[in-house]
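The block underneath contains the structure these notes are about, expressed in C-alpha cells.
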Amino acid sequence: MNIKKALVLGMLLSCQSVTAAPLSYDLQAKKVADNTWIFKGKLEDFSNKNGGNIVNTGFIETEVGVVVIDTGPSLRYGKEMRKAIEQITDKPIKYVFNTHHHPDHFLGNQAFSDIDIYSLPKTKSQLAQHGNAFAENMYRLVGDWMRSTEAQLPTKTIDTTGLKLGSHHLKLMPFSGHTGSDLVIFDEKTGVLFASDMVFYQRALTTPHTPGIQLWRDEISKLKAINYKVLIPGHGPISANKAPLDQMSAYLNWLDNTLIAAAKAGLSMNEVIKLPISDEFAGIKLSRYEFVRTVAHLYPGYEERFF
Ligand SMILES: [Zn+2]
C-alpha cells in the first residue's frame, strides 16, 4: 500500500471510531393511564443488540412524588430512565421498587442511589446472594452496555401492604410464583396493575428460580380476582383485559401436564425438549428456547415425583 492510500485508510478508520454513535436505549415513556407511564422492552432474549432492554419498567406520578417500578438491566438504562422521567415531571422521585431479583429489573439501581430503593425482604437477600453473579453474567451477554454497572442492593425492605401517596393508594402484594419473591403493585386510583414477572405475555415465561409451576398457576388465579383496568406484564404488551392471565394459566397448565406425562412415560430430557409445543401458543415468542431451559430447570424434579 502506498503512503497516500495508507493515510486515506487511516483517516477513514479514525473517522469511523470518532463518529460511532454512543449506545442508547432510546427510552420512550408511554402513557398507559392517568399519571402512569411505562418503558416498554423488546420481546427478545438478552443480546448485544438490545443491551438487555427486554423488560417493562414504569413510574407513577403522584401529588407528593414519583414512584419508580424496576430500574432496568444496566446503569445506562437507569440513567436514561431517570432522565426521561424528569422530562415528564418535576416532582421528586420518592420511592423506587425492585419487583424481584432478576438482573433486568434491578441493575439500573445505581442511577437512583440517592433515593430509597425498596424490595420484599426475601428479594433483598436473594440479591445479596446472587446480584454480583447476575451482573457479571450480563456483562458477558450484552457487553459494553453494562459499563460501570454494579449490583446495588435495595436500601429498604417492604414492611407494609399499602402505601398512600397523595391521592394514590398503592397495594403492595407479595407473590412467589416466578422467583419465590415477586412484588405486584396495584394502583387503586388508576386501576393499573404492575404484575412484574408474575406475568409474561406473548413472550415465554422463564423458570430458573420458580418454586413450582403449580404454585405459580395458583397465584395467577389470585391475580385474576383483581379488578384492574390495565395490566403491565414484566415482559410483553400491556392489556386492558384478562388475556395475559388466561394465557399464563393455559401455558403453565400445558407445561405442568407435559412434564408430568413425560416423566410418567419415562422420557429422557433429550426427548422432552423435542416435544411439540401446542399450536395454542404459536403467538408466544421464544417458546421453544424457554421450553428447553424449563426442562433443564424443572424436569429432574418431575422425574423424581412421577417416575
Ligand atoms: Zn424475572
Side-chain angles (χ1 to χ4, degrees), residues 23 25 27 39 41-58 68-82 96-113 115-158 174-184 194-200 203-211 216 233-236 286 289-290 292-294 296-298:
L23 295 175
Y25 290 103
L27 294 183
F39 299 99
K42 297 191 164 67
L43 292 184
E44 299 171 1
D45 195 19
F46 298 126
S47 76
N48 229 306
K49 202 167 161 227
N50 62 37
N53 181 15
I54 63 165
V55 59
N56 295 333
T57 60
V68 172
I69 297 155
D70 283 336
T71 61
S74 66
L75 169 61
R76 183 186 298 273
Y77 183 104
K79 279 184 177 167
E80 284 188 34
M81 185 184 181
R82 188 161 183 176
V96 176
F97 288 102
N98 293 149
T99 59
H100 63 293
H101 76 303
H102 281 162
D104 43 336
H105 298 261
F106 84 95
L107 281 172
N109 280 2
Q110 280 163 292
F112 301 92
S113 58
I115 296 156
D116 284 332
I117 300 178
Y118 287 78
S119 76
L120 292 167
K122 187 173 173 183
T123 300
K124 190 171 179 181
S125 50
Q126 287 171 317
L127 281 170
Q129 211 184 336
H130 303 293
N132 286 331
F134 283 159
E136 276 170 32
N137 198 36
M138 286 295 283
Y139 274 88
R140 277 194 290 277
L141 293 168
V142 311
D144 200 34
W145 292 89
M146 300 299 294
R147 191 179 293 187
S148 305
T149 302
E150 287 170 16
Q152 185 179 302
L153 298 190
T155 49
K156 301 254 165 105
T157 53
I158 296 166
F175 285 86
S176 53
H178 174 55
T179 62
S181 180
D182 301 283
L183 176 68
V184 169
F194 282 91
S196 76
D197 281 10
M198 283 296 295
V199 179
F200 288 69
R203 193 269 190 223
L205 57 89
T206 68
T207 53
H209 306 105
T210 179
W216 196 346
H235 301 263
L286 298 175
Y289 173 76
E290 293 297 353
V292 171
R293 289 183 3 123
T294 291
H297 302 143
L298 303 180

Is there side-chain contact between [X] and [Y], with heavy atoms separated by less than 4.5 Å?
X    : Y    : result
I117 : Q152 : yes
Y25  : S74  : yes
L183 : T123 : no
M138 : T149 : no

side-chain contact (heavy atoms from CB on, under 4.5 Å) involving [X] - partner list, sequence neighbours excluded:
X    : value
T157 : P121, K124
I115 : R82, I93, V96, F112
N50  : K42, E44, S47, I54
N137 : R140, L141

Q | Aromatic ring pairing F134/H102, orientation class (parallel under 30°, perpendicular over 60°, tilted between) | A | perpendicular
How close do [X] and [Y] get, counting heavy atoms only, and between which atoms?
X    : Y    : answer
S181 : Q126 : CB-OE1, 3.6 Å
L43  : G236 : CD2-CA, 3.4 Å
Y77  : V55  : OH-O, 4.2 Å
W216 : L205 : CZ3-CD1, 3.7 Å
N98  : S119 : O-CB, 3.7 Å

Please identify each residue that fulfils side-chain hydrogen bond (donor to acceptor under 3.5 Å, both in side chains) with [X], with sequence neighbours left out.
X    : answer
T210 : none
D197 : H100, H105, H178, H235
E150 : none
T179 : D182

Q | Non-neighbouring partners of Y118 that pass ring-ring contact (aromatic ring centres under 6.0 Å, His included), sequence neighbours left out | A |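 So Y118 forms a ring-ring contact (aromatic ring centres under 6.0 Å, His included) with Y95, F97.
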Q. side-chain contact (heavy atoms from CB on, under 4.5 Å) between M81 and V68: does it pass, once the steps are laid out?
A. CA-CA 10 Å; M81 185 184 181; V68 172; 3.6 Å; yes
Q) salt bridge (charged side-chain N to carboxylate O under 4.0 Å, His left out) with R293: which residues, sequence neighbours excluded? A) E290
Q.
Run the salt bridge (charged side-chain N to carboxylate O under 4.0 Å, His left out) test against K156 and tell me which residues pass, sequence neighbours left out.
A. D116
Q) Can you find a side-chain donor-acceptor pair between T294 and T207 that sits under 3.5 Å? A) yes
